[in-house]
Asks: 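This is the structure I want to talk about, given as structure tokens.
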There are 2 protein chains.
Amino acid sequence: MKLSDAKLKFIDSWGSFGTHWGINRTMAQIHALLLISPDPMSQDDIMEQLSVSRGNVNMNIRELIDWGLVERTSIPGERKEFFIAEKDIWKVATTIIKERKRRELDPMLKLMDQLAAVEGDKKDKEVKQFIETMNGIKRFGNQADKMLDVLVKAEESWFVGTLMKFFK
Amino acid sequence: MKLSDAKLKFIDSWGSFGTHWGINRTMAQIHALLLISPDPMSQDDIMEQLSVSRGNVNMNIRELIDWGLVERTSIPGERKEFFIAEKDIWKVATTIIKERKRRELDPMLKLMDQLAAVEGDKKDKEVKQFIETMNGIKRFGNQADKMLDVLVKAEESWFVGTLMKFFK
DNA sequence: CTGAATTTTCAAATAATATTGAAAGCAGGA
DNA sequence: TCCTGCTTTCAATATTATTTGAAAATTCAG
């Protein structure tokens, strides 16, 4: 397969992969494009490569920066802004985990805490099942939370070396 | 908070939580409803509680069964089918992990294998960065894959007891 | 300060996705 | 077999999410 085809295929797949995980297609595609680009790219470069509008690129780049996956950079002599992606996949993954945990898991667990305090007769099977479900989610969520914290803080080398050996 | 309010809140939140993870709102809501229901529910029960159409309930229930999160059951004397959700959150989570791994991670890694074999001069920085990115994703993906396999096979008690202690 | 280059915003248009509901399908009882 | 109650399908419709593009804002060199 030629590089140009492989690039297209990768960008396309990373895009659909993203949509299955609640990330919009263009954002994932821009990320893919920057991941495989050895040099910084401008908004115009991205617009051209992906055939999307300036506004779209602008918004999604901002989002990527917000997530900590992309950063602005400048090229001496150029007026435009350029962008570059974090290339270390381990860092990419831990960044995403950290952000999603903060944005979604943490608030969810907070809510479960409130809901587990529902009033009502704990002998009533409706009430009982509800509380049990909330507690189950809380328990699991807190475990996941702790585990992800450790994972995110761990160095890749430590993680791979020690944990993998431990695991089998 | 009253049980009725808490239920609504939970169903609603589980629904939006789902949409952030590539799961459709109604499917997540049906799952939520069944999770907190101590008794099996029929399609009609679900339609009524969530105010959605029969077709919608039917399709999403099928999907949930497909995922292994819900199963059909019957109530003696009743002609209708009833449905019940797996209540053990640990099992729910490992089922979801297993399925998503199979449906998304595994195919992605297979693709990366193909793409990493791109033809072209490995001295060329475009080719080099592309291959490095593919390899990075593969390496990470394979680790995640192995780790998730262990996780999915592990018993909750073992996992919590041993791994958590290890993790500190 | 001026104006050209660049970036940002956001209402409107478009595209993608989910939902409805009526018709078709199916299973069991009489 | 035919009827009845229930389930499934799917084209039409509605909803939600994404994208566009032109105007406004910003930046910066001269």
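We name chains A, B, ... by the order of the sequence lines, and we start the count at 1 in each one.
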Asks: Can you check whether Arg103(B) reaches His20(A) side chain to side chain, under 4.5 Å on heavy atoms?
Replies: no
Asks: Mind calculating the distance between CD1 (Ile30(A)) and P (dT19(D)) to the nearest angstrom?
Replies: 9 Å
Asks: For a quick check of understanding: with a heavy-atom distance under 4.0 Å over all strands, which category does Ser42(A) fall into, base, sugar-phosphate or nothing?
Replies: nothing
Asks: Report the residue (Arg62(A) or Arg25(A)) whose heavy-atom-nearest nucleotide on DNA chain C is the more 5′ of the two.
Replies: Arg62(A)
Asks: Just the rounded figure in Å: distance from P of dG21(C) to CE of Met59(B).
Replies: 15 Å
Asks: Is the shortest distance from a Lys or Arg side-chain nitrogen in Lys7(B) or Glu126(A) to a carboxylate oxygen in the other one below 4.0 Å?
Replies: yes
Asks: Could you please name the option among dT6(C), dT8(C), dT19(C) that lies closest to any side-chain atom of Asn56(B)?
Replies: dT19(C)
Asks: Could you check whether Asp44(A) pairs with Arg54(A) (Lys NZ or Arg NE/NH1/NH2 to Asp/Glu carboxylate O, under 4.0 Å)?
Replies: yes
Asks: Return the nearest nucleotide to the side chain of Ser53(A); candidates are dT20(C), dT20(D), dC10(D).
Replies: dT20(D)
Asks: Any side-chain to backbone donor/acceptor pair from Asn135(A) onto Glu132(A)? Under 3.5 Å, distance only.
Replies: no
Asks: Tell me: CG of Asn58(B) to P of dA24(C), nearest whole Å?
Replies: 17 Å
Asks: Within the structure provided, determine whether His31(A) and Asn60(A) are in side-chain contact (heavy-atom separation under 4.5 Å).
Replies: no
Asks: Quick one: is dT19(C) close enough that its OP1 or OP2 comes under 4.0 Å of any side-chain N or O from Thr26(B)?
Replies: yes
Asks: Can you tell me how far C1' of dC6(D) sits from CD1 of Ile46(B), to the nearest Å?
Replies: 15 Å
Asks: Just checking Thr19(B): base, sugar-phosphate only, or nothing, at a heavy-atom cut-off of under 4.0 Å?
Replies: nothing
Asks: Considering every strand and a 4.0 Å limit on heavy-atom distances, what is the contact class for Asn24(A): base, sugar-phosphate, or nothing?
Replies: sugar-phosphate
Asks: May I have the distance from Met47(B) (atom CE) to dC6(D) (atom C1'), rounded to whole angstrom?
Replies: 12 Å
Asks: Take atom CH2 of Trp21(B) and atom P of dT17(C), then tell me their distance rounded to the nearest Å.
Replies: 19 Å
Asks: How many whole angstroms separate atom CZ of Arg54(A) from atom C1' of dA5(C)?
Replies: 10 Å
Asks: Arg79(A) or Ser51(A): which one's nearest nucleotide on DNA chain D is closer to the 5' end?
Replies: Ser51(A)
Asks: Rounded off to whole Å, could you give me the CE-to-P distance for the Met41(A) and dT6(C) pair?
Replies: 16 Å
